2 protein chains.
Amino acid sequence: MAKILTAVAKLETGMRFDAQSTSGYHVTLDSNVESGGQGAGFSPMEMLLAGLAGCTGIDVISILRKKRQGVTGYEVRVQGIRAEEHPKVFVEISVEHLVTGHNIQPAAVERAIKLSETRYCGAQAMLGTVARIHSTYRIIEV
Amino acid sequence: MAKILTAVAKLETGMRFDAQSTSGYHVTLDSNVESGGQGAGFSPMEMLLAGLAGCTGIDVISILRKKRQGVTGYEVRVQGIRAEEHPKVFVEISVEHLVTGHNIQPAAVERAIKLSETRYCGAQAMLGTVARIHSTYRIIEV
(Lines give C-alpha, C1' and ligand atoms only; values in the text may rest on other atoms or scores of the structure.)
Protein backbone atom coordinates (compact mmCIF):
# COMPACT_ATOMS: atom_id res chain seq x y z
CA MET A 1 0.00 0.00 0.00
CA ALA A 2 1.20 3.49 -0.76
CA LYS A 3 2.55 5.45 2.18
CA ILE A 4 0.74 8.66 1.20
CA LEU A 5 -2.92 8.59 0.21
CA THR A 6 -5.16 11.49 -0.72
CA ALA A 7 -8.81 12.28 -1.21
CA VAL A 8 -10.40 15.44 -2.56
CA ALA A 9 -14.03 16.36 -1.91
CA LYS A 10 -15.48 19.05 -4.13
CA LEU A 11 -18.79 20.74 -3.35
CA GLU A 12 -21.39 20.22 -6.06
CA THR A 13 -24.64 21.63 -4.70
CA GLY A 14 -26.42 21.72 -1.33
CA MET A 15 -24.42 19.39 0.92
CA ARG A 16 -23.41 17.09 -1.92
CA PHE A 17 -19.73 16.53 -2.59
CA ASP A 18 -17.90 14.57 -5.25
CA ALA A 19 -15.00 12.74 -3.61
CA GLN A 20 -12.07 11.58 -5.68
CA SER A 21 -9.37 9.11 -4.64
CA THR A 22 -5.65 9.26 -5.44
CA SER A 23 -6.34 6.64 -8.05
CA GLY A 24 -8.94 8.80 -9.80
CA TYR A 25 -12.14 7.06 -8.76
CA HIS A 26 -15.22 9.00 -7.68
CA VAL A 27 -17.97 8.63 -5.13
CA THR A 28 -20.82 10.99 -4.25
CA LEU A 29 -21.18 12.03 -0.62
CA ASP A 30 -24.20 13.76 0.85
CA SER A 31 -25.75 14.63 4.14
CA ASN A 32 -29.17 13.13 4.83
CA VAL A 33 -32.41 15.10 4.72
CA GLU A 34 -32.68 15.70 8.48
CA SER A 35 -29.19 17.23 8.42
CA GLY A 36 -29.94 19.56 5.50
CA GLY A 37 -28.78 17.38 2.62
CA GLN A 38 -30.70 15.24 0.17
CA GLY A 39 -29.26 11.81 0.99
CA ALA A 40 -28.01 11.63 -2.60
CA GLY A 41 -24.89 9.60 -1.81
CA PHE A 42 -22.85 7.91 0.87
CA SER A 43 -22.92 9.75 4.17
CA PRO A 44 -19.38 10.53 5.36
CA MET A 45 -19.75 8.21 8.36
CA GLU A 46 -20.93 5.38 6.07
CA MET A 47 -17.66 5.85 4.21
CA LEU A 48 -15.79 4.86 7.37
CA LEU A 49 -17.88 1.68 7.68
CA ALA A 50 -17.41 0.82 4.00
CA GLY A 51 -13.66 1.41 4.38
CA LEU A 52 -13.60 -0.94 7.36
CA ALA A 53 -15.60 -3.57 5.45
CA GLY A 54 -13.20 -3.41 2.49
CA CYS A 55 -10.10 -3.34 4.65
CA THR A 56 -10.93 -6.43 6.69
CA GLY A 57 -12.54 -8.07 3.64
CA ILE A 58 -9.32 -7.81 1.61
CA ASP A 59 -7.29 -9.20 4.52
CA VAL A 60 -9.63 -12.12 5.17
CA ILE A 61 -10.09 -13.21 1.55
CA SER A 62 -6.36 -13.08 0.88
CA ILE A 63 -5.60 -15.17 4.00
CA LEU A 64 -8.35 -17.68 3.14
CA ARG A 65 -6.90 -18.05 -0.36
CA LYS A 66 -3.42 -18.64 1.08
CA LYS A 67 -4.99 -21.31 3.30
CA ARG A 68 -6.46 -22.88 0.13
CA GLN A 69 -10.05 -22.57 1.27
CA GLY A 70 -12.54 -23.04 -1.57
CA VAL A 71 -14.32 -19.70 -1.21
CA THR A 72 -16.93 -19.10 -3.91
CA GLY A 73 -18.57 -16.04 -2.37
CA TYR A 74 -17.79 -13.58 0.38
CA GLU A 75 -19.56 -10.62 1.92
CA VAL A 76 -18.74 -8.34 4.84
CA ARG A 77 -21.64 -6.64 6.60
CA VAL A 78 -20.80 -3.79 8.91
CA GLN A 79 -23.17 -1.96 11.23
CA GLY A 80 -22.24 1.03 13.34
CA ILE A 81 -24.14 2.56 16.24
CA ARG A 82 -23.47 6.24 16.80
CA ALA A 83 -23.36 8.23 20.00
CA GLU A 84 -26.36 10.47 20.67
CA GLU A 85 -24.22 13.54 21.25
CA HIS A 86 -21.94 15.41 18.87
CA PRO A 87 -19.56 14.51 17.33
CA LYS A 88 -21.66 11.32 17.10
CA VAL A 89 -18.77 8.89 16.78
CA PHE A 90 -19.47 5.19 16.38
CA VAL A 91 -19.53 3.64 19.84
CA GLU A 92 -20.17 0.10 18.63
CA ILE A 93 -19.44 -1.56 15.31
CA SER A 94 -20.39 -5.11 14.37
CA VAL A 95 -18.66 -6.86 11.48
CA GLU A 96 -20.22 -10.01 10.05
CA HIS A 97 -18.24 -12.13 7.59
CA LEU A 98 -20.34 -14.39 5.33
CA VAL A 99 -18.10 -16.96 3.67
CA THR A 100 -19.64 -19.17 1.00
CA GLY A 101 -17.89 -22.26 -0.33
CA HIS A 102 -17.27 -25.97 -0.01
CA ASN A 103 -15.58 -27.50 3.05
CA ILE A 104 -14.54 -24.15 4.48
CA GLN A 105 -12.80 -24.74 7.82
CA PRO A 106 -14.18 -22.62 10.68
CA ALA A 107 -10.69 -22.47 12.24
CA ALA A 108 -9.29 -20.94 9.04
CA VAL A 109 -12.00 -18.26 9.00
CA GLU A 110 -11.48 -17.51 12.70
CA ARG A 111 -7.74 -17.22 12.22
CA ALA A 112 -8.11 -14.95 9.17
CA ILE A 113 -10.48 -12.62 11.04
CA LYS A 114 -8.18 -12.57 14.07
CA LEU A 115 -5.14 -11.69 11.94
CA SER A 116 -7.03 -8.87 10.25
CA GLU A 117 -8.29 -7.54 13.60
CA THR A 118 -5.03 -7.70 15.46
CA ARG A 119 -2.39 -7.18 12.80
CA TYR A 120 -3.35 -6.07 9.31
CA CYS A 121 -6.43 -3.89 9.14
CA GLY A 122 -5.53 -0.21 9.49
CA ALA A 123 -9.18 0.91 9.47
CA GLN A 124 -9.98 -1.43 12.35
CA ALA A 125 -6.93 -0.24 14.31
CA MET A 126 -8.07 3.38 13.88
CA LEU A 127 -11.83 3.05 14.41
CA GLY A 128 -11.31 0.47 17.17
CA THR A 129 -9.69 3.03 19.45
CA VAL A 130 -13.09 4.72 19.82
CA ALA A 131 -15.69 2.05 18.93
CA ARG A 132 -16.01 -1.42 20.37
CA ILE A 133 -15.71 -3.63 17.28
CA HIS A 134 -17.22 -7.10 17.42
CA SER A 135 -16.71 -9.62 14.61
CA THR A 136 -18.75 -12.71 13.82
CA TYR A 137 -18.84 -15.07 10.84
CA ARG A 138 -21.13 -17.49 9.08
CA ILE A 139 -20.08 -20.22 6.69
CA ILE A 140 -22.51 -21.08 3.92
CA GLU A 141 -21.83 -24.57 2.54
CA VAL A 142 -22.52 -25.05 -1.16
CA MET B 1 -28.01 11.70 11.11
CA ALA B 2 -29.30 8.20 11.63
CA LYS B 3 -28.13 6.46 14.80
CA ILE B 4 -27.45 3.15 13.03
CA LEU B 5 -25.57 3.05 9.74
CA THR B 6 -24.55 0.05 7.69
CA ALA B 7 -22.27 -0.84 4.81
CA VAL B 8 -22.02 -4.13 2.94
CA ALA B 9 -18.96 -5.09 0.91
CA LYS B 10 -19.42 -7.97 -1.53
CA LEU B 11 -16.47 -9.69 -3.19
CA GLU B 12 -16.56 -9.39 -6.98
CA THR B 13 -13.25 -10.80 -8.21
CA GLY B 14 -9.61 -10.73 -7.08
CA MET B 15 -9.52 -8.21 -4.22
CA ARG B 16 -12.29 -6.07 -5.67
CA PHE B 17 -15.39 -5.45 -3.59
CA ASP B 18 -18.60 -3.61 -4.30
CA ALA B 19 -19.56 -1.61 -1.21
CA GLN B 20 -23.13 -0.51 -0.68
CA SER B 21 -24.37 2.08 1.82
CA THR B 22 -27.56 1.97 3.88
CA SER B 23 -29.00 4.41 1.38
CA GLY B 24 -28.31 2.07 -1.56
CA TYR B 25 -25.36 3.80 -3.19
CA HIS B 26 -22.37 1.85 -4.47
CA VAL B 27 -18.62 2.32 -4.63
CA THR B 28 -15.94 -0.05 -5.87
CA LEU B 29 -13.10 -0.88 -3.49
CA ASP B 30 -9.87 -2.59 -4.47
CA SER B 31 -6.43 -3.30 -3.18
CA ASN B 32 -3.56 -1.85 -5.19
CA VAL B 33 -1.30 -3.93 -7.43
CA GLU B 34 1.56 -4.29 -4.92
CA SER B 35 -0.93 -5.72 -2.41
CA GLY B 36 -2.39 -8.23 -4.84
CA GLY B 37 -5.30 -6.20 -6.20
CA GLN B 38 -5.71 -4.28 -9.43
CA GLY B 39 -6.24 -0.78 -8.05
CA ALA B 40 -9.66 -0.77 -9.71
CA GLY B 41 -11.36 1.40 -7.10
CA PHE B 42 -10.96 3.28 -3.84
CA SER B 43 -8.55 1.65 -1.46
CA PRO B 44 -10.20 1.03 1.92
CA MET B 45 -7.88 3.52 3.63
CA GLU B 46 -8.73 6.17 1.01
CA MET B 47 -12.35 5.68 2.03
CA LEU B 48 -11.47 6.90 5.52
CA LEU B 49 -9.86 10.04 4.07
CA ALA B 50 -12.80 10.69 1.74
CA GLY B 51 -15.18 10.23 4.68
CA LEU B 52 -13.17 12.75 6.70
CA ALA B 53 -13.19 15.21 3.77
CA GLY B 54 -16.96 14.93 3.37
CA CYS B 55 -17.63 15.06 7.10
CA THR B 56 -15.69 18.24 7.76
CA GLY B 57 -16.74 19.66 4.38
CA ILE B 58 -20.44 19.36 5.21
CA ASP B 59 -19.87 20.97 8.62
CA VAL B 60 -17.83 23.86 7.24
CA ILE B 61 -20.08 24.72 4.29
CA SER B 62 -23.20 24.66 6.45
CA ILE B 63 -21.59 26.93 9.07
CA LEU B 64 -20.31 29.32 6.37
CA ARG B 65 -23.80 29.53 4.90
CA LYS B 66 -25.28 30.28 8.32
CA LYS B 67 -22.69 33.02 8.64
CA ARG B 68 -23.90 34.36 5.27
CA GLN B 69 -20.54 34.03 3.57
CA GLY B 70 -20.78 34.25 -0.24
CA VAL B 71 -19.18 30.91 -1.03
CA THR B 72 -19.22 30.08 -4.74
CA GLY B 73 -16.87 27.08 -4.61
CA TYR B 74 -15.44 24.82 -1.96
CA GLU B 75 -13.03 21.92 -1.96
CA VAL B 76 -11.48 19.85 0.83
CA ARG B 77 -8.14 18.19 0.15
CA VAL B 78 -7.05 15.50 2.55
CA GLN B 79 -3.69 13.76 2.62
CA GLY B 80 -2.80 10.92 4.97
CA ILE B 81 0.65 9.53 5.77
CA ARG B 82 0.64 5.91 6.85
CA ALA B 83 2.88 4.12 9.33
CA GLU B 84 5.53 1.84 7.82
CA GLU B 85 4.48 -1.13 9.93
CA HIS B 86 1.23 -3.09 9.98
CA PRO B 87 -1.55 -2.22 10.50
CA LYS B 88 -0.31 0.90 8.67
CA VAL B 89 -2.63 3.37 10.32
CA PHE B 90 -2.51 7.02 9.33
CA VAL B 91 -0.05 8.77 11.62
CA GLU B 92 -0.56 12.22 10.09
CA ILE B 93 -3.46 13.69 8.17
CA SER B 94 -3.53 17.15 6.62
CA VAL B 95 -6.84 18.77 5.69
CA GLU B 96 -6.82 21.79 3.38
CA HIS B 97 -10.00 23.81 2.90
CA LEU B 98 -10.16 25.86 -0.32
CA VAL B 99 -12.98 28.38 -0.08
CA THR B 100 -13.83 30.39 -3.17
CA GLY B 101 -16.08 33.45 -3.07
CA HIS B 102 -16.39 37.18 -2.64
CA ASN B 103 -15.47 38.93 0.62
CA ILE B 104 -15.12 35.71 2.57
CA GLN B 105 -14.03 36.53 6.13
CA PRO B 106 -10.98 34.57 7.31
CA ALA B 107 -12.36 34.60 10.88
CA ALA B 108 -15.57 32.91 9.70
CA VAL B 109 -13.60 30.18 7.92
CA GLU B 110 -11.35 29.64 10.95
CA ARG B 111 -14.35 29.42 13.26
CA ALA B 112 -16.16 26.98 10.98
CA ILE B 113 -13.11 24.71 10.78
CA LYS B 114 -12.60 24.90 14.54
CA LEU B 115 -16.24 23.97 15.24
CA SER B 116 -16.01 21.01 12.89
CA GLU B 117 -12.73 19.84 14.45
CA THR B 118 -13.74 20.19 18.05
CA ARG B 119 -17.47 19.59 18.05
CA TYR B 120 -19.22 18.25 14.98
CA CYS B 121 -17.10 15.98 12.83
CA GLY B 122 -17.39 12.35 13.93
CA ALA B 123 -14.80 11.15 11.42
CA GLN B 124 -12.26 13.63 12.75
CA ALA B 125 -13.01 12.65 16.35
CA MET B 126 -12.42 8.98 15.46
CA LEU B 127 -9.38 9.24 13.18
CA GLY B 128 -7.87 11.99 15.33
CA THR B 129 -7.34 9.62 18.25
CA VAL B 130 -4.62 7.87 16.22
CA ALA B 131 -3.47 10.42 13.60
CA ARG B 132 -2.31 13.97 14.18
CA ILE B 133 -4.77 15.98 12.08
CA HIS B 134 -3.66 19.40 10.88
CA SER B 135 -6.08 21.77 9.11
CA THR B 136 -5.27 24.75 6.92
CA TYR B 137 -7.35 26.91 4.59
CA ARG B 138 -7.03 29.16 1.59
CA ILE B 139 -9.52 31.77 0.47
CA ILE B 140 -9.77 32.39 -3.26
CA GLU B 141 -11.30 35.78 -3.98
CA VAL B 142 -13.44 36.01 -7.10
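For clarity, every value in this text was computed on a predicted model and none was experimentally measured. The sequence lines fix the lettering, A, B, ..., with proteins before strands; numbering per chain opens at 1.
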task: Among the options A:A19, A:G37, A:A40, pick out the one with the most heavy-atom pairs lying under 4.5 Å from chain B.
output: A:A40
- request: Return the orientation label for the B:Y74 and B:H97 ring planes: parallel under 30°, perpendicular over 60°, tilted otherwise.
  value: parallel
- prompt: Which bit of B:I81 comes within less than 4.5 Å of chain A, counting heavy atoms only: side chain, backbone, both or neither?
  reply: both
- prompt: Does the side chain of A:S116 pick up a donor-acceptor pair with the side chain of A:T56 at under 3.5 Å?
  reply: yes
message: Taking every non-hydrogen pair under 4.5 Å, which of A:A53, A:S94, A:G14 racks up the most with chain B?
response: A:G14
- request: Side chain from CB out, backbone as N, CA, C, O: work out which of these in A:R16 comes under 4.5 Å of a heavy atom of chain B, or both, or neither.
  value: neither
message: Need one label for A:Q20: side chain, backbone, both or neither, based on atoms under 4.5 Å from any heavy atom in chain B.
response: backbone
query: Same cluster or not: are B:V8 and A:V109 linked, directly or through other Ile, Leu, Val, Met, Phe, Trp or Tyr residues, by side-chain heavy atoms under 4.5 angstrom apart?
result: no
task: Could you tell me whether A:R77 and A:E75 have a side-chain N and a carboxylate O separated by less than 4.0 Å?
output: yes
task: Treat each ILVMFWY residue as a node, draw an edge where side-chain heavy atoms are under 4.5 Å apart, and state whether B:V78 and B:V89 are in one component.
output: yes
task: For B:A112 and B:L64, work out which heavy atoms get closest and say how close.
output: CB-CD2, 4.1 Å
query: Strictly by modelled atom types, are A:S35 and A:N32 linked by a side-chain donor-acceptor pair under 3.5 Å?
result: yes
- prompt: Residue by residue, which of residues 120-142 of chain B have a heavy atom closer than 4.5 Å to a heavy atom belonging to chain A?
  reply: B:Y120, B:C121, B:G122, B:A123, B:A125, B:M126, B:L127, B:T129, B:V130, B:A131
field: Greatest number of heavy atom pairs closer than 4.5 Å to chain A - which of B:G24, B:G73, B:G39, B:A83
entry: B:G39
field: Closest-packed option against chain B by number of heavy-atom pairs under 4.5 Å, given A:T28, A:L29, A:V27
entry: A:V27
query: Donor-acceptor pair, A:E46 side chain versus B:T22 backbone, under 3.5 Å?
result: yes
query: So which heavy atom on B:L5 is nearest to which on A:S43, and how close?
result: CD1-OG, 3.8 Å
